[in-house]
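Accompanying notes for the structure given below.
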Amino acid sequence: MINSRYDVIVVGAGHAGIEAALASARMGARTLIFVIKIETIGRMSCNPSMGGPAKGHLAREIDALGGELARSADLTGIQFRMLNRKKGPAVWAPRSQNDRTEYSLVMRQALESQTNLIIKESMIDEIILSRNSKKVIGVKSHLGEEYFAQKVILANGTFLKGKIHVGNVSYSSGRAGELAAIKLSDSLIKAGLKLARFKTGTPPRVDIRTIDLKNLDEQPGDKNPQGFSFYRDIKLRNDRSCYLTFTNSKTHQIIKDNLDKSALYGGFISGVGPRYCPSIEDKVVKFSTKERHQVFIEPEGINTFEAYVNGISNSLPPDVQRKMVHSIIGLEDAKIMRYGYAIEYDYIIPDEIKPTMESKQIQGLYLAGQINGTSGYEEAGAQGIAAGINAVLALDKKEPVIFDRSQSYLGVLLDDLVTKGTTEPYRLFTSRAEYRLYLRQDNADERLMPLGYKLGLVDDVRWQKFQKVKSILEREMNFLKTHNSISTEKISQPTRLINVLKRSDITFNDLQKFGYKIPEDVTVDIKNRISLQIKYEGYLKRQLAEIEKFEKVEHSRISEKINYMKIESIAYEARERLSKIKPISLGQAARISGVNRTDINALMVYLKKNEILKNK
Amino acid sequence: MEYKGDTIAAISTPVGIGGIAVIRISGENSIEIITEIFKGNKPLKKAKSHSVHFGKIIENNKIIDEVLVTVFKTPNSYTGEDVVEISCHGSTFIANQILQIILQKARLAEPGEFTQRAFFNNRLDLTQAEAVGDLINAKTKKSLNAAIQQLEGSLYEHIENLLEKLTDYRTLLEVEIDFLEQDVPDIDVSKLENNLSSLKQELEKLAETGTEGLILRDGFKISLVGAPNVGKSSIFNAFLETERAIVTPSPGTTRDYLEEAISLNGYLIRIFDTAGIHDTSDSVEKVGIKRSYEIIKNSHKILFIIDGNENNEEFEILKNIVGPDKIIKVLNKADIFSDKELKKFRKDYIFCSAIQENGLKKIKEYLIKDIEISEEELHSGILSNTRQVAAVKRAIKSIQSAINSLENKLGFEFTAFDLKEASSALEEIIGKITTDDILNQVFENFCIGK
């Protein structure tokens with residue numbers, strides 16, 4: 001029985017699903033979002049924190065595009081820090097601690113107050129395909145109801161056949177205490193998608209009142225906190241600290257003595273875990289010479305005493321977890337409120353998707369978030385917004401938005417996924433970005449807000465504020481370029497202010513001593529942006545030259561329809577890879593592993609011969 | 001066979017050197033084309049791969065030359081296609097005549113086209129491809145050695161070594177940027193600076209081999225300069241041990257210039273006999289003198305020749321063009337002077353006598369000392385073309401910039417940027433791109449993660 005018709009259906013209301021649904025509804029599509037349990041909308045399932053290197057960048061990019069994640073993080077933050085502030089101006093990275101419960105609530109409110117968007121609590125068991133199985137037409141719930149839409153975005157997170165492990169106990173679950181989506185996996189396999197299994201884990205959480213905090217290093221927030229969002233004027237709450245302690249030889253001995261009881265080492269888990277987020281069992285075994293490992297105590301929120309013990313994610317049985325926790329300085333009497341666990345889940349091997357997030361096999365089906373083998377809230381949110389945007393553009397028969405590596409971390413993430421795939425839960429790092437000096441957190445608005453505004457995702461109020469900042473930037477830059485300093489002891493000849501600022505020992509505020517009166521509308525943020533532009537001009541120019549070169553190849557678009565297997569001048573292995581990935585540009589083709597330069601040369605010769613190469 | 005092209009042909013030995021010229025034909029129809037013009041004991045069509053056949057090239061029932069023909073069959077040939085090589089007698093005239101016959105059925109190969117085909121058919125990696133290009137052009141024994149060495153990959157290995165070091169340093173920086181909250185050791189900046197400096201020195205050494213590599217490939221150029229009638233042409237001829245330049249008693253006969261190549265201890269030497277650089281009012285001669293200037297500027301060494309009358313005016317002109325270091329002062333006709341007369345030249349001049357047997361011995365010894373490349377250098381790989389030299393120089397520049405960024409405390413992301421640039425430059429030489437190495441290194445060597 002036909003229940004209802006929608007334009008876009010989103011399955012899952014985690015970080016990916018939320019952004020997908022909001023983008024879709026805001027772009028005017030009638031959107032339906034499914035969630036297994038409404039109270040879990042926007043749940044932070046790992047640590048109650050947002051941002052850090054590359055992830056903070058992503059959060060700001062999502063915001064510039066008109067997404068929700070950064071706004072919620074700012075509204076529910078309890079501590080804000082700018083990482084790398086002392087080290088490198090081009091890799092400053094905002095990070096926050098958040099109130100887990102509030103975050104969820106704020107997201108629920110955002111969904112509920114969005115026009116064009118309907119929320120429904122239901123588990124989706126099946127995707128419904130067209131008769132020839134080449135197109136998705138809807139989904140079917142566990143209650144047997146059918147919902148139809150031209151576009152379906154799957155954002156199931158770790159819920160696909162999720163299985164939790166604690167010691168030798170294991171049970172089916174999506175997140176701790178929540179139902180897993182069992183049947184959907186089979187429906188996807190039936191549709192021809194290829195699934196594989198990853199695992200990840202969480203640490204135990206304790207009652208912070210039972211921790212002896214006075215012996216631990218306190219990490220307070222920044223004096224002048226900066227959040228993630230642009231032009232929203234959110235007043236940041238910044239009054240909670242984290243605490244640092246360490247494991248010790250006793251802790252390590254307890255773990256070694258009980259390795260056989262760990263789900264991971266006892267052989268109960270088959271999925272592949274992330275190298276950058278190893279369990280404490282892994283850390284102790286693989287880096288056995290290290291005498292101690294960091295443990296961060298992160299408060300879970302304002303209205304709770306629960307604290308997240310970051311650094312000891314594990315799948316040990318409860319009694320061993322207790323012993324291990326109690327061996328750590330400050331945690332001798334800590335009361336565990338929730339035990340840590342490992343979770344295994346199905347993901348779809350991401351060579352299934354195009355850079356638009358759409359499935360290559362099934363038209364109208366989009367995949368976003370952890371289902372594509374990524375990890376992290378920001379990575380999920382970024383994919384969600386990209387999927388939402390492109391689903392609606394496709395609905396309207398408009399050109400898709402392709403995020404490229406030179407313009408955003410979002411582009412790096414999507415390109416890595418669809419071009420290289422991933423052999424472990426994928427996380428973004430700044431080192432994955434070739435154009436890191438340009439892809440900064442400070443200029444995410446300049447890079448992406450025009451696109452967000454064009455798509456109708458950024459409202460006029462924010463757009464006007466952005467325009468204002470841009471004009472101030474331009475005005476002051478111009479002033480510094482055209483006005484001389486007064487002569488001082490340091491600089492005897494009048495010199496252009498811009499050249500004064502170039503000196504490494506002179507800060508923006510120092511310019512006041514050289515006759516520059518800083519106008520009142522020049523904020524700290526604007527000062528930082530101008531300083532960076534001027535002081536690192538040489539590097540930024542070199543970076544831009546590289547970007548120009550990159551874009552030439554990147555914009556050499558190639559057709560999806562090329563039959564690579566017939567191009568005999570390309571090595572066989574490379575032909576297979578190219579057929580699978582179906583690159584959209586010569587640049588992407590060159591990044592595929594197993595495709596080398598000779599293959600690209602041969603491809604170029606072939607394309608030229610057949611004139612399939614369209615230079616955009 | 002992977003890459004299919006039409007049939008191409010070219011003379012693949014340099015013109016005018018050696019007793020044998022080789023014409024190479026590659027492509028689907030190569031064997032058929034040669035079968036039609038070659039008369040040997042057996043029909044060429046049935047020849048096995050890698051077989052050599054003696055016979056005659058015939059056109060219109062006329063014998064053009066007696067030749068050796070070598071057949072290589074696809075895919076086991078240099079280009080991966082069917083290849084035939086014809087070795088004929090070394091005269092340019094004969095080789096060209098044979099080529100013209102072949103070109104009725106085939107197309108003249110563009111420069112580097114054989115190598116390109118080899119490249120497209122996965123017969124070679126990029127460095128090897130270039131070395132083969134050099135191998136084809138190898139004009140003398142030493143040059144051949146350098147080319148073979150490179151083929152064996154010593155340059156490849158050397159560059160990979162340097163890249164490994166760069167990767168290590170870049171890993172340190174990336175850990176500091178991406179995993180700052182982790183319990184990882186701080187970067188020892190002064191140690192890193194030192195490491196980068198010594199890496200830079202290694203690259204500079206490598207870049208210097210580029211000059212030598214180019215000399216190996218293109219030859220060591222020397223020009224003969226001197227007043228008319230001091231015996232430049234006689235020396236030129238004595239070098240060649242033949243009589244190619246015209247020697248006349250009237251000054252200024254060598255109007256433009258003459259060029260010949262010789263092999264000296266296995267090194268290719270190109271000798272230019274110039275029109276001289278003296279003042280003249282003759283307009284034709286003026287053109288010749290202008291050209292002399294260019295040749296002199298491009299020479300590695302200049303033999304400045306006198307015959308007993310010190311020619312200070314011209315020496316000064318020459319010094320102004322090339323500087324004093326490139327000039328070797330030579331006293332010709334040393335045989336006609338008495339010991340006492342020679343005394344005043346002894347300090348500054350090398351003595352020679354174009355007409356005596358072994359009269360050039362001293363000059364030759366001097367030149368060899370100047371050119372010689374050590375075996376060690378040959379083994380550690382040398383750069384042998386301008387593209388490679390340019391890439392190494394770019395890497396050096398980037399590393400210097402990295403050192404500066406550390407000194408000025410700009411932030412590690414800028415140092416990382418410089419070093420990435422250096423890596424890309426070196427990767428270009430070996431035609432290989434390494435992408436995920438850095439993160440893999442991070443995870444292997446550091447306990448990362450909360």
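Labels below follow one simple rule: chain letters A, B, ... track the order of the sequence lines, proteins then strands, and each chain is numbered from 1.
Remark: B:K420 NZ to A:E546 CD distance equals 6.0 Å, nearest 0.5 Å. How far CZ of B:F179 is from CG of A:L83: 13.0 Å, rounded to the nearest 0.5 Å. Expressed to the nearest 0.5 Å, how far OG of A:S504 lies from CG of B:L410 amounts to 8.0 Å.
In B:K393, the NZ atom is not crowded: 12 or fewer heavy atoms of neighbouring residues, nucleotides or ligands sit closer than 6.0 Å. Heavy-atom contacts from other residues, nucleotides or ligands closer than 6.0 Å to CD of A:E291 number 12 or fewer. Within 6.0 Å of the NZ atom in B:K397, the count of heavy atoms belonging to other residues, nucleotides or ligands does not exceed 12. By the 6.0 Å contact criterion, NZ on A:K290 is enclosed, its count of non-hydrogen atoms from other residues, nucleotides or ligands being greater than 12.
For B:K165, the salt bridge (Lys or Arg N to Asp or Glu O under 4.0 Å) criterion is met by B:E202, not counting sequence neighbours. In this view, B:N195 and B:Y169, B:K191 satisfy the side chain to side chain contact (heavy atoms under 4.5 Å, CB included) rule, not counting sequence neighbours.
Between A:A90 and B:E413, the closest heavy-atom pair is N-OE2, 2.6 Å. Taking both residues in full, the closest heavy atoms of A:R542 and B:S401 are given as NH1-OG, 3.5 Å, listed atom of the first, atom of the second, then distance.
In this structure, the portion of B:E174 lying under 4.5 Å from any heavy atom of chain A is its side chain and not its backbone. Contact annotation for A:R591: neither backbone nor side-chain heavy atoms come within less than 4.5 Å of a heavy atom of chain B.
Judged purely by distance below 3.5 Å, without hydrogens or angles, the side chains of A:T430 and B:D178 pair a donor atom with an acceptor atom.
Inter-residue side-chain proximity for B:E176 and A:V91 is flagged as unmet; no heavy-atom pair is nearer than 4.5 Å.
Between B:F417 and A:Y539, the ring planes are perpendicular. Angles over 60° get that label, and only those under 30° would be called parallel.
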